[in-house]
Every structure is written in structure tokens, then in C-alpha cells.
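Just so we're on the same page: letters track the sequence lines, and every chain starts at 1.
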Amino acid sequence: MKPFYVTTPIYYVNDRPHIGTAYSTIAADVLTRYQRLRGRPARFLTGLDEHGLKIARTAEAQGLTPQELTDQMQEPFRQTWKLLSCEHDDFIRTTERRHKRKAQALWRMIQERGDIYLGEYEDWYCVGCETFYTEKDLLEGKLCPQHLKPVERIKESSYFFRLSKYTQPLLDYYEAHPDFVKPSARFNEVKSFVREGLRDLSLSRTSFRWGIPVPGDPEHVMYVWFDALSNYMSALGGPVENEPAPLFEQFWPPNGDLVHLVGKDILRFHAVYWPAFLLAAGLTPPTQIWAHGWLTVNGQKMSKSLGNFLRPEPLAEAFGVDPLRYYLMRDVAFGQDGDFSHANLIARLNGELANGLGNLLNRVLASIVQKSLGGRIPAPTGPDTAEDLTLQAEALRCARAAAEQLDAVAPQRALEAVWELVSAANRYVDRTEPWALAKLEDKSRLSHVVYHVLETVRMIGVMISPFMPGKAHELREQMGLHPLMATVGCDLWPSVWGGLPSGITTQPGKPLFPRLDKDQEAAALENLGVKLDAPGSHAAATSKAQSPKSQKPAQEPKVTEPASPATQASTDTSISYDDFAKVELRVGLVLTAEPVPKSDKLLRLTLDAGDPAPRQILAGIAQHYAPEALVGKRVIIVANLKPRKLMGLESQGMVLAASDETGLFVSAVAGDVKPGSLVK
RNA sequence: GCCGAUGUAGCUCAGCCGGUUAGAGCGGGCGUUUCAUACGCGCUAGGUCGGAGGUUCGAGUCCUCCCAUCGGCACCA
């Protein structure tokens, strides 16, 4: 069977694990466990992104070396994944030697093929984002649009990746691999982005040291994304140079299937840059990239600036690790935005887990089997009634459906299919009334019926094991079954009826999923600091929750071409009078002003500027001026500017304004001169 | 503004290439069983399928326009 390799993003070590990162890590764990159950060789990688200016500065502020800092910060991640039963096969840190060596190897491969070259780069840089911004991205006062903090002007020699060359190859690759990016709507966005043309990508920095040195030019440090993306490969020991790399050979495409789970904010890096790097190095891109959505918390959008984290540990403590995993996989459609709702979690825990599955196991195993069947799994005695056959068929149908959904990375649908079977089993129990059969002298029908229920429960236990490994184990223990042992080449997914052995002694224990009564529910929410508007309902709830989160800077670096020699040479910016005379400045009287729909920056103005008819100008000042405040003002406009369409409206000129860190102010003339008067 | 998606019962959503009385889960209401974690099972929701046109013997299901919401891109000439 083709090996399966799944990755989470490497999380930025400066944050702590939260419900968003937990979600993608749990999803990766579920997929891995499922593939293993099917007998497929499977590998699950997660890890940490530990480089970047932000780390270096945080470390400095704390009087630590960056390495000391990241050594400390990694611990919460390891602990959290362990707590959440996420059993990664590898945990890579970008500061590890094995990673640095392989990132450099990848660099060399691309360079040797000619797609890395030296140029020069200059732009505004935000330390918080570790991202360059072009002038137009900045807020007034040269503030980073993400962090609202001042940016720095940085100019440096830089290596560039010839991304522009890969516009067409990428489009061809997308064409040939229609399932490369999921969901398909996201794929469309990627395609349209690439179709507009790609510019070369700045691939190195000289402005800070905390990163991986560029091979052969240690003044340069690799661009964080080149560093970060190569983790998926370096963790397998690839790319191969001189020494053998068996894991890489086994799991990297085309030999293995590689699935990257990513947040939608970092899709572009994975779906555009990463395959381009790999194509440039002569390597095979990943099989599939799955962009999952964001989680809101109790219906509230969260922003990073609030700095509030919904951490998984208290939730796991309050509700149990497995119920939490179940809830996240069941309630959120993979690939879409979802909502983490305490009320829904409790509703599913009580309804589906406790009442549905837990009670099913209990009502048969702890009750009938103990009282009437000597505590042993009975044997099927036949013949099958219509009800028996229906349950058998339903069991196999649901198992097939669940597998199909998991193959398609739709965990929520898979669980839905499993719970159809839970429901069918409960229905079967009601129809066959084993408690009535138990009163008969002849226990053969009872045995047959109970066997049917328990065989169904056994199948369910197998199917939920990727989602709730602990509970699946408990379930088997209670039934007297051995633990599931996934083995390569051995498909354990239910596909035939009758796998349950008879005669074994059961060991019923406490309810598998204890129900939360009203008091316990209230206490749990109290402990978590959550207030539900209407207890027990689906009403919105509020909490001191957090932001679902991007694992990486939300913005891609805006990269420009390396400055041309001519540009660099001309430092003299003075112009001749003739140059100035070309610009026609006039006084304009603002007649009307209104916001432009769907634009948060533009105002549509009409002005009397001495023209026969009022002139329409769009000005990007909506964040600084209320429309009413402008009407009647005399402002200076550039009158002979070439008209241009903005947001579908034509702008016939430009309103002059000045800005500094305190705000933006439109120009004005000191007296009430006639509209249209020339300014010079 | 360009591109795309979504808009179906109180809530969350299914409804493939158009075709009998538009579905599920949850919640609500009613009933019922008693083996069980007061759990289960059955019945019940009369919803203009966002709006308006159109194609068709026939349209949530195709076309056009519009509205709303959400994304991606663009936009301070």
C-alpha cells in the first residue's frame, strides 16, 4: 500500500497551543490513526518554527539566547499534543541541525539549477509580522496594518527565487492535479492568484542573524518561509545528497502520498511557493494541500490583538480528551470555518456520546449480558430474522460510508455515518427486546440478538478509535477484547460481519461516557469562566476566549523586483521648474462627499474646480474624515492628473493631503478664493 | 470594482446529470417502552427552497438580473 504522510503546519514557537492549533493537530492525528488502521504505512509530522526576528528580540528582552528561549517555549507544545493523544511520529524544530542542513541542501539544489540569484531589496518591514510591506499597505503614520506598530525601512542585498518563471509551470501542474488544493473553492483562489502573474521572491535577509545561513554566503539568512516549508522534507532526511534517506524515499511523493494540513491564511505559501521551490529543485510537490477554516468561539470572532487564548488543556480536563477530540471533529466541517461552542460540545457529549453510544454499550453489556448470559459474549445461534439482516447490512453500509468519508478527509461526515449505526443498533435493541427474551427458558434467541448488538458495538469501537483512541480502548476492554494493534498490511476496518469472538468474558465497567447533569455542566462552565446566555440551549455564549489562529504571519511579503542600477544611482530628487509646471494645481470647493460602498478608505467627492461641471474625485481619506466635515471646504487638487477608475468610479484628479503619525489632513487655502483658481 | 462561494424548517445543514406529497440531526410538541447513564424508540415541524423574470410538459435543481452575507484580488490618481 502506498505510504501516507501527513503534516500540520509548524507552529510559531512564540505562541502557545490553542484550540486552533489543537484542531489541526488532532485532525492530522485522526487521519494518521485511520490510515494505520487500514494497514497503510503512515507518518505524522508536526513541529515548531523557531527562527525569525521576533524570536531573537523576545530572547534579547529576556536576557536569553534565542536557542534558550525556544528550548523553553517548545515544552508546552509537546505537553499539549501528548495530553490530546496526538501521537506524532516526529516533532521537528527548525533550529535542529538536521533541519538546517537539509534546508541548505534544498537551497543548493535550486541554486545549482539556476533559479536563485543575487539582487537588492528595499521595503518597509514589520518585526511583529516578520514581513515586508510596500508603502501602500501601511496605515497612516507608517504603521503595520496587522500590528498597528511602526515599521522600519530596510534595504539589503538579497537572494531572489525566480518565481516569475514558474507561473506557467504551476498552472500546468494545477491543471494536471485537480485535487491538489482542497476545498476546491480555495483552489480557485490560488489559481486566480497565480494567473495574474508571479513576481520573483526575495529569499534571504541580511538584517538579522536568527535563521539559517545561506550556503556559501553566511552574511545572508534564509527567508523564514523557505526555512519553514523545507521542514516537511528535512524531517524525512530529504532532499537526498550523499547519505541515504530511507524515510524520504519511502514517504515523499511520488512514492508516498503527502498531505499538508494548513490554515487558510497560509495556503498561498503551501500551494504556490512550496511547489515552485520543489519544481525548481527537480522534486515532486505534495499530493494534496488541505486548507481548513477558522474557529470562532461561541460565535464570536476573535482577533489576535485581544491576545486571549482558548487553551485546550482546561477543556480536556473539564470534558475529557476524547470528547473534546470528538466534538472538534464532529461539529466542524473540515475546510470550512467553524465555531467552538461550549453549548454544542455539551449537547453532543450528552446526546451522542453518553445517550447514544455509551448507553448502548451499557444497556446490553452491563445489564443483559451480566444478568442473563453469565457475563460472556454469547454465540450467534441463527437463523437470522429480517431485523438481524437489516442490522448486519446497516453495519457494513455505515462502515463503508465512514471509510469513504475519511478517505476524502471529511471526518465530520465519517462520524455522522458511524452514529447512524449507533442509532440503528439502539433501534434494533428496542425492536428485539432482549429483556423480554431473557425471561424465556430458551436463551438461543437472546444469544443471537445480543451477539448482534455487541458485534455492532465492536465495529463502532474500531471506527471511533482514530477519533477517540482512549475510549475505543476502554470499550474493547469492557467487552473483553484485546487492544487493537494496527499493523502494516493488515486492514482492520470492519468489512465483514461476525468478527466478534464468542465465549470471552466481559468486564463491564463504569459508563463509557458519563452524562453531565445540569449541576456538573454549570460547574464545568463556571470553572472555564464561560457564561451561556441560555443554559441548555444553542444560544450564543460568551467567554474570555481567544482567537482561532494563524500559525504564521497573516500577510505574505510584498515583494518587488530588485531595484535597477539606474534607480539606485539617482539620489538627486530635485526637479526643474518645467517639471513642476506640468502639474496643474487648483482650488476645489467640495460640493458633496459620500463614502464609496464596500471601500473602507475611499470617499467620493464632487468639487467645483472652475470646470463647467462638478468634477468627481475619489480620495482615500475615509478613515480620517467624515463626509459631512468636508463639504464646503476648499482643498487643493491636482487637476490635470490622468483620470483613473477606482472601485468602478472614475476619479478625475487627486486631493492633496498631508499625514504624519497623528493623522491625515487635507490641504486647504487660507482664504475663500474662487474655486478653480490656480495654485502655484 | 473584478473573480468566486453561499443564501432550503427555530438552529446546523443534505438535496447528483431538472421530474411523484422538499429531507436529516438538534431543539420544541405529543406518545410509548423499561434492559440502560430519567437513557431508548415512535410520531410531529405544514418551510413563498433570498427576490424578480425566463427556458421547459415540468425547476431549490438550468439561464438572466437584483438583494444579502462571506471569501480572494484590486483600490488612498
Side-chain angles (χ1 to χ4, degrees), chain A residues 135-140 183-193 195-196 264 267-268 293-294 330-333 336-339 341 343-344 347-348 350-372 412-413 416 419-420 422-423 425-439 446 449-450 453 508 510-517 534 536-540 596-603 617-624 637-657 659 664:
Chain A
E135 192 97 26
K136 67 183 172 62
D137 293 322
L138 301 176
L139 304 179
E140 298 305 331
S184 55
R186 294 279 160 208
F187 200 9
N188 291 337
E189 291 175 8
V190 169
K191 287 178 191 165
S192 77
F193 173 76
R195 249 184 243 116
E196 288 177 22
K264 60 184 182 180
L267 176 60
R268 180 174 303 165
W294 293 145
R330 178 67 188 86
D331 211 41
V332 179
Q336 290 177 37
D337 287 343
D339 181 47
S341 146
N344 282 354
R348 291 203 186 272
N350 281 341
E352 293 164 5
L353 296 183
N355 296 347
L357 177 56
N359 184 56
L360 171 65
L361 175 72
N362 197 56
R363 71 194 294 206
V364 177
L365 199 71
S367 174
I368 296 166
V369 170
Q370 296 313 303
K371 289 185 210 161
S372 309
Q412 77 289 359
R413 300 264 174 251
E416 196 173 273
W419 254 258
E420 280 173 30
V422 170
S423 188
N426 269 318
R427 212 174 307 132
Y428 176 85
V429 172
D430 269 43
R431 293 215 206 295
T432 54
E433 302 187 337
W435 54 90
L437 297 172
K439 290 175 184 150
L446 174 67
V449 162
V450 169
V453 180
K510 284 186 287 194
L512 195 57
F513 297 103
R515 193 167 213 284
L516 285 185
D517 64 31
S537 78
H538 282 239
V596 173
K598 292 189 180 181
S599 169
D600 35 280
K601 294 175 180 171
L602 290 177
L603 289 183
I617 291 182
L618 301 182
I621 56 176
Q623 291 173 339
H624 303 277
I637 67 166
V638 181
N640 60 342
L641 201 57
K642 191 169 164 187
R644 160 128 188 210
K645 269 201 162 185
L646 288 172
M647 304 287 294
L649 299 168
E650 185 172 270
S651 182
Q652 303 156 325
M654 163 177 186
V655 173
L656 297 183
S659 64
L664 175 144

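Between A:K371 and A:E352, the residue whose closest nucleotide on RNA chain B is further toward the 5' end is A:E352. Mapped onto RNA chain B by nearest heavy atom, A:R413 and A:V190 fall at different nucleotides, with A:R413 at the one closer to the 5' end.
Closest to the side chain of A:S367, from the set B:A36, B:C73, B:U33, is B:A36. Of the listed nucleotides (B:C35, B:G72, B:A36), B:C35 has the atom at the smallest distance from the side chain of A:I368. Checking B:G72, B:U37, B:C41 against every side-chain atom of A:R186, the shortest atom distance belongs to B:G72. Closest contact between the side chain of A:V429 and the listed nucleotides B:C35, B:A77, B:U37 involves B:C35. With B:U34, B:G40, B:G4 as the choices, the nucleotide that has an atom nearest any side-chain atom of A:N188 turns out to be B:G4. Distance from the side chain of A:P511 is smallest to B:U37 among B:U37, B:C41, B:G72. The nucleotide whose nearest atom lies closest to any side-chain atom of A:N359 is, among B:U37, B:A36, B:G4, B:A36. Here the nucleotide nearest the side chain of A:A354, chosen from B:C35, B:C41, B:U37, is B:U37.
Atom CH2 of A:W294 is separated from atom P of B:G72 by 10 Å (rounded to the nearest Å). Computed from coordinates, the A:Q336 CD to B:G4 P distance equals 20 Å when rounded to whole Å. If you measure from atom CZ of A:R431 to atom C1' of B:G40, you get 12 Å, rounded to the nearest angstrom. Between A:R363 atom CZ and B:U33 atom P there is a gap of 15 Å when expressed in whole angstrom units. When rounded to the nearest whole Å, the span between NZ of A:K191 and C1' of B:C3 equals 13 Å. One can place CD1 of A:I617 at 19 Å from P of B:C75, the figure rounded to the nearest angstrom. When rounded to the nearest whole Å, the span between CG of A:L357 and P of B:G40 equals 12 Å. One can place CZ of A:F193 at 19 Å from P of B:C3, the figure rounded to the nearest angstrom.
In terms of heavy atoms, A:L437 sits closest to A:T432 at CD1-O, 3.6 Å.
The shortest distance between the side-chain N/O atoms of A:R515 and the OP1/OP2 oxygens of B:A36 is not below 4.0 Å. The shortest distance between the side-chain N/O atoms of A:S423 and the OP1/OP2 oxygens of B:C41 is below 4.0 Å.
Put simply, the side chain of A:N362 and the base of B:A36 share no donor and acceptor less than 3.5 Å apart.
Stem list for RNA chain B (at least 3 consecutive Watson-Crick or G-U pairs, distances under 3.5 Å): B:1-7 with B:67-73, B:10-13 with B:23-26, B:28-32 with B:40-44, B:50-54 with B:62-66.
One N or O on the side chain of A:D337 and one on the backbone of A:W294 form a donor-acceptor pair closer than 3.5 Å. Of the possible polar contacts, none joining the A:N426 side chain to the A:L360 backbone as a donor-acceptor pair under 3.5 Å is found.
B:G4 takes the anti form, because its glycosidic angle lies more than 90° either side of 0.
Comparing the C1' positions of B:C30 and B:C49 gives an interatomic distance of 28 Å, to the nearest angstrom.
A:P508 places none of its side-chain heavy atoms less than 4.5 Å from the side chain of A:V369. Side-chain contact between A:K191 and A:F187 is present, with at least one heavy-atom pair separated by less than 4.5 Å.
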Test side chain to side chain contact (heavy atoms under 4.5 Å, CB included) applied to A:W435 and A:K371, step by step: CA-CA 10 Å; A:W435 54 90; A:K371 289 185 210 161; over 6 Å; no
